[in-house]
Amino acid sequence: MAKKLLVTLCGLLAAAALFAIMGLTFVDVLGRKFLGGSVPGSLELTELLMVVVIFTSLPLVALSGEHVVFDSLDRWLPPGLLHLQRGLMELFCALSLAGVAWLMWVKAGQLSEYGDTTAQLKLPLGVFVYVMSVLLAVAALAHGLVLLQQRGGAEDSGA
């Protein structure tokens, strides 16, 4: 149930951000072509929306097992060792992402404290880095969930 809700929420956020990028680009091009000017801050908005697309996709990739893997030796490894290897990699990914999430949270606090903003639209950068941190933590939890499913024998990696 939680997995389905997470997949739905992350998928909707990624889709909405991608649709917003598409709409913004369309309006920006029309503005440049017919009105002689682009949408103010369109590059900044596109960059920030790309952050949303990328970071909401991380939990989706983790839950579906669609990340990049090097599996050239898998056919020669015994099933028990292969299962152990997959478990260790899920644990490594979960811990790594949790560590990066913590570092990003600290950085977001610094950016907020300093009052850093985007160059043109003056949007607060700390807010976006907090969102990145939370989504990294969600991706870490997703890897943890996959690890727990794997330990329980339910190796269903499909979403």
Side-chain angles (χ1 to χ4, degrees), residues 1-25 43-119 121 123-159:
M1 182 69 158
K3 181 179 176 179
K4 187 171 180 143
L5 178 64
L6 181 61
V7 168
T8 302
L9 287 175
C10 286
L12 285 173
L13 275 172
L18 200 54
F19 186 79
I21 290 170
M22 181 188 68
L24 178 61
T25 303
L43 178 62
E44 281 182 3
L45 287 173
T46 300
E47 289 171 345
L48 294 171
L49 288 167
M50 280 304 298
V51 164
V52 174
V53 171
I54 292 166
F55 283 82
T56 54
S57 299
L58 289 174
L60 297 174
V61 169
L63 289 171
S64 64
E66 295 294 325
H67 38 60
V68 177
V69 293
F70 177 74
D71 60 358
S72 297
L73 301 176
D74 285 2
R75 61 181 153 179
W76 291 298
L77 294 176
L81 186 57
L82 201 55
H83 185 73
L84 177 65
Q85 175 198 25
R86 288 185 182 136
L88 287 173
M89 288 314 302
E90 291 297 337
L91 180 63
F92 175 77
C93 288
L95 293 174
S96 297
L97 287 169
V100 174
W102 176 74
L103 290 172
M104 295 291 281
W105 188 268
V106 171
K107 182 65 175 176
Q110 292 171 348
L111 291 171
S112 295
E113 184 180 322
Y114 301 149
D116 286 356
T117 61
T118 60
L121 296 177
L123 298 172
L125 284 175
V127 173
F128 289 95
V129 179
Y130 276 127
V131 169
M132 292 164 61
S133 175
V134 167
L135 290 170
L136 282 167
V138 170
L141 290 173
H143 278 285
L145 180 63
V146 171
L147 177 62
L148 290 175
Q149 286 178 338
Q150 199 176 45
R151 284 194 69 220
E155 290 194 44
D156 176 35
S157 63

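Position 1 is the first residue of the sequence; numbering continues from there.
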S.K.: Could you measure the distance from the CG atom of L121 to the CG atom of L43? Nearest 0.5 Å is fine.
M.R.: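 CG of L43 is found 10.0 Å from CG of L121.
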S.K.: Check A108 against G126 and note the closest heavy-atom contact, atom names and distance.
M.R.: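 Minimum heavy-atom separation between A108 and G126: CB-O, 3.6 Å.
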S.K.: Residues in side-chain hydrogen bond (donor to acceptor under 3.5 Å, both in side chains) with T118, at least two apart?
M.R.: E44
S.K.: Between F55 and L135, what is the shortest heavy-atom contact and its length?
M.R.: O-CB, 3.5 Å
S.K.: How many angstroms lie between CG in L97 and OG in S133, if you round to the nearest 0.5 Å?
M.R.: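 So the CG of L97 and the OG of S133 are separated by 11.0 Å.
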S.K.: On a heavy-atom basis, which atom in Y130 and which in G109 lie closest, and how many Å separate them?
M.R.: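 So the minimum-distance heavy-atom pair works out to OH-CA, 3.3 Å.
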S.K.: Specify the closest pair of heavy atoms between V138 and P59, including all atoms of both residues, with the distance to one decimal.
M.R.: CG1-CG, 3.7 Å
S.K.: Could you work out, with side-chain contact (heavy atoms from CB on, under 4.5 Å) as the rule, every residue matching T8, not counting sequence neighbours?
M.R.: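 In terms of side-chain contact (heavy atoms from CB on, under 4.5 Å), with neighbours along the sequence ignored, T8 is linked to K4, L12.
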S.K.: With sequence neighbours excluded, tell me which residues meet side-chain hydrogen bond (donor to acceptor under 3.5 Å, both in side chains) with E47.
M.R.: none
S.K.: Any idea which heavy atoms bring A140 and A94 closest together, and the distance?
M.R.: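 So the two residues come closest at CB-O, 3.3 Å.
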S.K.: What distance separates L9 CG from L13 CG, expressed to the nearest 0.5 Å?
M.R.: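 Going from CG on L9 over to CG on L13, the span is 7.0 Å.
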S.K.: Restricting to side-chain contact (heavy atoms from CB on, under 4.5 Å), what partner residues turn up for A137, sequence neighbours left out?
M.R.: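 A137 satisfies side-chain contact (heavy atoms from CB on, under 4.5 Å) with A101 once adjacent residues are dropped.
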S.K.: Would you say L60 and T56 make side-chain contact, with heavy atoms under 4.5 Å?
M.R.: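 The answer is no; the side chains never approach within 4.5 Å.
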S.K.: Working to the nearest 0.5 Å, report the span between CG of L111 and CE of M104.
M.R.: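 Going from CG on L111 over to CE on M104, the span is 9.0 Å.
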S.K.: Among residues at least two apart in sequence or on other chains, which ones pass side-chain contact (heavy atoms from CB on, under 4.5 Å) with L49?
M.R.: A17, A20, I21
S.K.: Measuring from atom CD of Q149 to atom CG of L147, what distance do you get when rounded to the nearest 0.5 angstrom?
M.R.: 10.0 Å
S.K.: Which residues pass the side-chain contact (heavy atoms from CB on, under 4.5 Å) test with V127, sequence neighbours left out?
M.R.: P124
S.K.: Could you give the distance from CG (L58) to CG (L63), rounded to the nearest 0.5 Å?
M.R.: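 CG of L63 is found 11.0 Å from CG of L58.
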S.K.: Give every residue pair that meets the side chain to side chain donor-acceptor pair (under 3.5 Å) criterion with at least one member in residues 88-105, sequence neighbours excluded.
M.R.: E90-H143
